[in-house]
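Since the structure comes first, as structure tokens, the remarks are kept for the end.
Sequence lines set the chain letters: A, B, ... in the order given, protein chains first and strands last, and positions in each chain run from 1.
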2 protein chains.
Amino acid sequence: MANLSDVAKKAGVSVTTVSRFLNGSLSLPDARAHQIRTAVDELRYVPNPHARRLSRGRSDAIGLVVPDIAGPFFARLVAAVEEEADRLGLGLVLHATLNRPARELRYLDSLRMRHLDGMIFVTNRAADSALLAAVRSCQHLVLLDEDVPGAKVPKVFCDNEAGGRMAGGYLAAMGHRSVLFVGGEADMVSGRRRYRGFEQEMHRVSDGPVRIERVLGRYIPETGRDAARRFLEMAPRPTAIFATSDEMLIGLIEVLRDALVTIPDDVSLLGFDDIGPLHLFAPPITAIRQPVRDLGRRALGVLLETLKTETGEAAPTEELLPVTLIERASVAPPTTRLKATANRKDMT
Amino acid sequence: MANLSDVAKKAGVSVTTVSRFLNGSLSLPDARAHQIRTAVDELRYVPNPHARRLSRGRSDAIGLVVPDIAGPFFARLVAAVEEEADRLGLGLVLHATLNRPARELRYLDSLRMRHLDGMIFVTNRAADSALLAAVRSCQHLVLLDEDVPGAKVPKVFCDNEAGGRMAGGYLAAMGHRSVLFVGGEADMVSGRRRYRGFEQEMHRVSDGPVRIERVLGRYIPETGRDAARRFLEMAPRPTAIFATSDEMLIGLIEVLRDALVTIPDDVSLLGFDDIGPLHLFAPPITAIRQPVRDLGRRALGVLLETLKTETGEAAPTEELLPVTLIERASVAPPTTRLKATANRKDMT
DNA sequence: GCCCCTTAGTAAAGCGTTTTACTAGCGCAT
DNA sequence: ATGCGCTAGTAAAACGCTTTACTAAGGGGC
């Protein structure tokens, strides 16, 4: 593998000249330029990235930390960030925390070690003080999708509160007055905001008494299953469920289906995220859609701005991206029908 | 940020000593060892990875190239590889080709530039000669999931032919004699193998005349939609469809549903991959399941073996991981019923 | 003829490790 | 007394690039 000095020798100039020429910090007369280019081609010279990084003190690579890559939501998010990073000529080092707090800290450390130029960080749990401290000590970090309250770093989220309002308004307008909210733990900002918007708008649109039950937990199928089991024990049962993530929704449907509860006849169902092929479920699920691609893109955009301002800390902005309601067939007006079994057909 | 010579100064020894001690290639009496450890702690010293990589000539990082990260199958695959890489202390640089051949070549190049220690490469298109040449010129490469025929590198696939046989045997045993195979292009090894196994076993189990229609294309929803449209025009229509990827399956179901074709009454449906929440579809879809996690793990394992043998080229092994048939409700014996509309219920 | 400016470069000092090859000193057996 | 082997290190050369500060040569203006 040829190196700079091989090229320099072949072209009959010094390494400085080659380096500066190739990096555009030196312009040369045509003859010399051509000599160098020829030497590069013939030797198939390609700069050694490790040397370059050591010398320049940066990596041209950023880190992306997500809780999990396999779930549909994070998979799309990763895809969006990767695409944008590639477009900008940046490498992407991917880390999944698999919900282990220790890993979050470890990966944040890898940023501090100046291993990476910057990092996009996605958590999915309520931040504890250790995480907050770690995040605080980092520069060139942007928080995506979920907040770490108190952290003074740029943040990019979807407009969770507006999503909650859309959901609340939609269910209320359909006539629902008794609903189950399946959401993120109370100390997670996304969960709190979704709930706040939801409750607010339910009340505003209903214009009368409203009952909102709550089951909270992580954004995973098990929380959905749990919620469904709790739902089955409620008397009277709420007439609608708002599941604030696709993963929760999937768990919920599993249990509901096993219990022979039909949607939307027995209960209406409203989702959040809208990533998985919700349109193919039985019935197709109405949901609030997150602008996942934009989230990824904006996070990277914000990170880059942070990098540009040489002053360590960037302004702790918070950017909220709009969500949309995708109407399908899982929400209907409530019925008063009490018996819960009807047309079992293509449910096993 | 402290460096090695700071530590050396503080501990009153040479940098060599510190470096060798920290890397375990020098053992020291307790007193010295303690001095060094103290200095490291107090200065919060952490080795500069760029320098280390330059010096050692390796990165402790591998690349993973996939066609796309957002799809459920590749998302899981990425997750599996990431998990294993992390366990081994290796960084993972992720690249998505988004089905652009030029990108595959570019990313393979990034391996050749000794940027990375090794690479796991997943393609999803029929290999052309440019790709083959590029792959051939690479060391420390392992092919995952899809073959590049002629490449002399280690390969890890699921047992596509066995999967095809399972599918064929299952449909035949259910009584189907006229089927539609929706598969990868004929020049893709995975597609060819799935088809070969499928056809073989259909014939063997049927023990009589069999009709197999084929629609081939990329493993994406559009191919499924296309296949469904073609299916609708066939007369007589096949009684079962074998869709050899989740993505194809999704497209297929969309169109079938719009055309009011019910599953499995009007046509039986059998999938492949079994990653997406197929159990929540209407009806739950029977499918051949790929061992995605194992695929990721084994690919990394094989890559590591390749790295160990200092001799550039590793034995071009081909490892086949077993698949399983997950029985659900989308396959039934064929009916002779001709009218295609019946119990429209929870399909919009 | 002198000074200054521009062009066309270059020497050398980093960047922070790792690693090879070496040494100084000491105890011990011969 | 000498050679050997062991302990406890060390000096210095890589690794391959970037970048700062510098120079030599040529040309133009006065």
Who passes side-chain hydrogen bond (donor to acceptor under 3.5 Å, both in side chains) against A/S5, sequence neighbours left out?
-> A/N3
Report the distance from atom CZ of A/R53 to atom P of D/dG16, rounded to the nearest whole Å.
-> 15 Å
Degree of bending in the helix from C/dG1-D/dC30 to C/dT30-D/dA1 once both end axes are built from five pairs, to 10° = 70°
What are the bounds, 5' to 3', of the part of DNA chain C that sits under 4.0 Å from heavy atoms of chain A?
-> C/dA8 to C/dG16
Residues at least two apart in sequence or cross-chain that pass side-chain hydrogen bond (donor to acceptor under 3.5 Å, both in side chains) with B/R32, listed by chain then number, are B/Q35
Answer yes or no: is there a side-chain heavy-atom contact under 4.5 Å between A/V122 and A/V65?
-> no
Is it true that A/R87 and A/E84 make a salt bridge, defined as a side-chain N closer than 4.0 Å to a carboxylate O?
-> yes
DNA chain C contacts among residues 21-45 of chain A, heavy-atom distance under 4.0 Å = A/L26, A/L28, A/P29, A/R32
Can you find a pair of side-chain heavy atoms, one from A/N23 and one from A/R20, that are under 4.5 Å apart?
-> no
Atom-pair distance (CG on A/L4; P on D/dT19), nearest Å = 12 Å
Applied to residues 3-17 of chain B, the salt bridge (Lys or Arg N to Asp or Glu O under 4.0 Å) test, sequence neighbours excluded, yields B/K10-B/E42
Can you sort out the partners of A/P101 under side-chain contact (heavy atoms from CB on, under 4.5 Å), two or more places apart, ordered by chain and number?
-> A/R125
Length of the CG-P vector between B/N48 and D/dC17, whole Å | 17 Å
Under 3.5 Å, side-chain donor or acceptor atoms of residues 68-82 of chain B against the rest of the protein: list the pairs with distances, not counting sequence neighbours.
{"unit_1": "B/D68", "atom_1": "OD1", "unit_2": "B/A70", "atom_2": "N", "d": "3.3"}
{"unit_1": "B/E82", "atom_1": "OE2", "unit_2": "A/A96", "atom_2": "N", "d": "3.0"}

Which whole-number value in Å describes the distance from A/N3 CG to D/dG16 P?
-> 6 Å
Gap between atoms CZ and P, on A/R20 and D/dT18 respectively (whole Å) = 12 Å
Contacts of type salt bridge (Lys or Arg N to Asp or Glu O under 4.0 Å), residue B/R293, not counting sequence neighbours | B/E83
So do A/F21 and A/R37 actually touch side chain to side chain, heavy atoms under 4.5 Å?
-> yes
Going by distance alone, is a donor N or O of one side chain under 3.5 Å from an acceptor N or O of the other, for B/R53 and B/S59?
-> no
Quick one: salt bridge (Lys or Arg N to Asp or Glu O under 4.0 Å) pairs with a partner in residues 139-148 of chain B, sequence neighbours left out?
-> B/D147-B/K155
Identify, with sequence neighbours excluded, every residue that meets side-chain hydrogen bond (donor to acceptor under 3.5 Å, both in side chains) alongside A/E319.
-> A/R298
Where along residues 9-19 of chain B does a heavy atom come under 4.0 Å from DNA chain D, residue by residue in number order?
-> B/V13, B/S14, B/T16, B/T17
Length of the CZ-C1' vector between B/R58 and D/dA14, whole Å | 16 Å
